[in-house]
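Note sheet for the following structure.
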Amino acid sequence: MANRTERKLTGSGSRFVMIGVPLVVIGVVMALLLDHNAVGIGVAIAVLGAIPTVVGLALMIFAGVNQHARKDRPFA
C-alpha cells in the first residue's frame, strides 16, 4: 500500500496531467487546422499545455521511485 507521500504525489501529478493534456490536444488540433500566422496560436497553446503535463508526469515518476526505494530493492 502506498504511503501518504506517494498518494499525494500521484494525486497532484494526475491533476496536472488532466489540466495539461486537453490543452495540448486543442493546441495541436488548432495548429493542424489553421493557416499561416494562426498556427503560432495553436503551438503556443500546446506548449502551455505541455508544461503542466510534464510536471504531472514527473510527480508520478517521483512517486514510483519513492515506492521502489521504500521496498529496499536495488536500483541497478
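We count residues from 1, following the sequence as given.
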Can you tell me how far CG of L23 sits from CD1 of I51, rounded to the nearest 0.5 angstrom? 10.5 Å
For A50 against V24, the heavy-atom pair lying closest together: N-CG2, 3.4 Å
Check: S12 side chain, L9 main-chain N or O, donor-acceptor pair, under 3.5 Å: no
Heavy-atom nearest pair, T5 first then N66, reads CG2-ND2, 3.6 Å
Which atom names give the shortest non-hydrogen contact between V17 and P22, and what distance separates them? O-CD, 4.3 Å
State yes or no: do M18 and I26 share one hydrophobic cluster built from I, L, V, M, F, W and Y residues joined by side-chain heavy-atom distances below 4.5 Å, directly or via other members? no
Find out if a path of hydrophobic residues (ILVMFWY) with successive side-chain heavy-atom gaps under 4.5 Å connects F16 to F62. yes
Determine the minimum heavy-atom distance between V21 and T53, stating which atoms define it. N-OG1, 3.4 Å
Determine the minimum heavy-atom distance between P52 and G20, stating which atoms define it. CG-CA, 3.9 Å
So which atom in E6 and which in Q67 form the shortest heavy-atom distance, rounded to 0.1 Å? OE2-CA, 3.1 Å
Indicate if V25 and L33 have the same hydrophobic cluster label, given that clusters are the connected sets of ILVMFWY residues with side-chain heavy-atom separations under 4.5 angstrom. yes
Hey, any chance I45 and L34 share a hydrophobic cluster, counting ILVMFWY side chains that come within less than 4.5 Å of each other, even indirectly? yes
Report yes if the side chains of T10 and R7 come closer than 4.5 Å at any heavy-atom pair, otherwise no. no
